[in-house]
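To find a chain, count down the sequence lines: A is the first, B the second, and so on, and within it residues start at 1.
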Amino acid sequence: MKTSQIIFAGFGGQGILFSGKFLAYNGLIAEKNVSWLPSYGPEMRGGTANCSVIISDTPVGSPIVSEADMLVVMNNPSLEKFESAVVPGGKIFVDSALVDMKVTRTDVDVYYIPATKMAGDEGISTLANMILVGKLLKESGLFDFSNIDAVLDKIVSAKHQDLKAFNHKALSLGYNYEG
Amino acid sequence: MSEKVLMKGNEAIAEAALMAGCRHYFGYPITPQTELTAYMAKRLPKMDGVFLQAESEIAAINMVIGVSAAGKRVMTSSSSPGISLKSEGLSYLAGCDLPAFVVNVQRGGPGLGGIQPSQSDYFQATRGAHGDYRTIVLAPDSVQEMVSLTVKGFDLADKYRMTSMLLADGTLGQMMEPVSLDVGEITKYDKPWAATGTKMERPKNIINSLSLIPEELESWNLTRYERYKIVEENEVMYEEYMMDDAEICIVSFGITARVSKNAINEARAKGIKVGMIRPITLWPFPKKVLCEAADKVKAFISVEMSMGQLIEDVELATRCKKPVLLCNRCGGVIPSPQNVMDSILEADKIGGEQ
């Protein structure tokens, strides 16, 4: 019986909710029980945004994540707010191009990825979020990386099929990032 | 079974309503249910349906009355303050014996309150507006159940010529879960009472809630309550979770029932025998199973996001045979599994055999 609880947090517009949705769809395709819960309200108008994803072998009880196994943060306030929510031994993924704070916890694994800079350098500046997700997939071993195209097929709308290749590129960049 | 997709609760309700044959939606946007309205705005025009964003909630519910009187499946949806505005119309629907499906994705109150999840419209949903009448109240605890209870809600409304209300909350409305949209056969009901034109072939159907003759109005009420009695006998729904050997019984619905399940699993791991009866219909309330449970357990815990509303029905149903503890948060705050655990530990202290 395994349950993974993940929090994604950052500014509205960084693709925080989409990142969570991508991970949840990975769970759906892998026939796991999943839930995705966004913050809603003023966040949607450009403030801070976060979402909680649960992936489990057993039915998901409460969809609210108060103790996260993994945390992905894309701004300082998010790190401040959620650092303490990570369980000992958990993993924190930080976009170090945007977050200048350091994780103060010593009982968690921390990965600093300059995702927003990498995305800009590669001409995919809106996909820093997916670079972080790529790294999460690598370090968590949650899902088979070869499934990503099947997942992208599900969540990228018919109108934006051209974006699939860019998402694939971003995920690969993160997956292969050693830093 | 059809392939599962990830859907938000609000969108799943809308899709299920379309599958149930609803082609008329009247509403006014309000957080946290707006995705439902938006989904209908996108889909209904392509299905020869009617989507209308009314000038107010009051206008929307009166449009619902009109379409229902014409014999068509119709719905509206809102969140707490909006449902208050619709209350007058809900009473008129009952007085006219018209079917309707109404969704309340609750937020914290009273007044404008907040936009975070709440269950504090329990009294309003189960007790209703002015006059003697009842509303069938359905309380889903998952996106999948939001689909099945929407289909069920339309069915019960037509079957008993009543309003059925889906009582959800901001969390359920906003969250995504895998959902199957396989809803099975939809039953169609004859509506010989509908005001669809006589074609000079039958007497007029009159849809009206006004009578100035007390004896006549009383007889309408009595007839209506005979129908409500059938609903109470036949349509109660609930889920029992780990109740076989339970010594403590949690009563909770919707999102707090899910939080409670986490706490129950944790308590069971510590050897505390706790289970849950989760009402799925809040009216008719599962009185019988709760009354029977009162002979077996030593205490009940009402877990709710309100200041003690559900607990009143638990105390009535169990006839106060055993203590009922209240575990609650309100104003948009969701109780944590730890909050529930604390109440379980307190209930566990209640002494020995009774």
- Before accepting this row, confirm whether a basic side-chain N of the pair A:D69/A:K91 lies closer than 4.0 Å to the acidic partner's carboxylate O. no
- Proximity of B:Y122 and B:F253 rings by center, below 6.0 Å: yes
Is it the backbone or the side chain of [X] that comes under 4.5 Å from a heavy atom of chain B, or both, or neither?
{"X": "A:K21", "result": "both"}
{"X": "A:S35", "result": "both"}
{"X": "A:V60", "result": "both"}

- Task: Quick one: sort the A:H168 and A:F145 rings into parallel, tilted or perpendicular, breaks at 30° and 60°.
- Result: perpendicular
- Note on the structure: Shortest non-hydrogen pair, B:G332 vs B:Q116, comes out as O-CB, 3.5 Å
- Decide whether B:E304 and B:S306 meet the rule of one side-chain donor and one side-chain acceptor closer than 3.5 Å. yes
- With respect to chain A, which residue among B:P178, B:G9, B:P337 yields the maximal number of heavy-atom pairs within a distance under 4.5 Å? B:P178
By a 4.5 Å heavy-atom criterion (distance strictly below it), what part of [X] contacts chain A: side chain, backbone, both, or neither?
{"X": "B:V143", "value": "neither"}
{"X": "B:P335", "value": "neither"}
{"X": "B:I255", "value": "side chain"}
{"X": "B:T171", "value": "both"}

- Message: For the interface with chain B, which of A:G61, A:C51, A:G27, A:P59 has the highest count of heavy-atom pairs at distances below 4.5 Å?
- Response: A:G61
- Item | Distance under 6.0 Å and angle within 45° of ring axis: A:K135 vs A:Y175 | no
- Taking the six-membered ring of A:Y112 (Phe, Tyr or Trp), confirm whether the NZ or CZ of A:K102 is under 6.0 Å from its centre and within 45° of its axis. yes
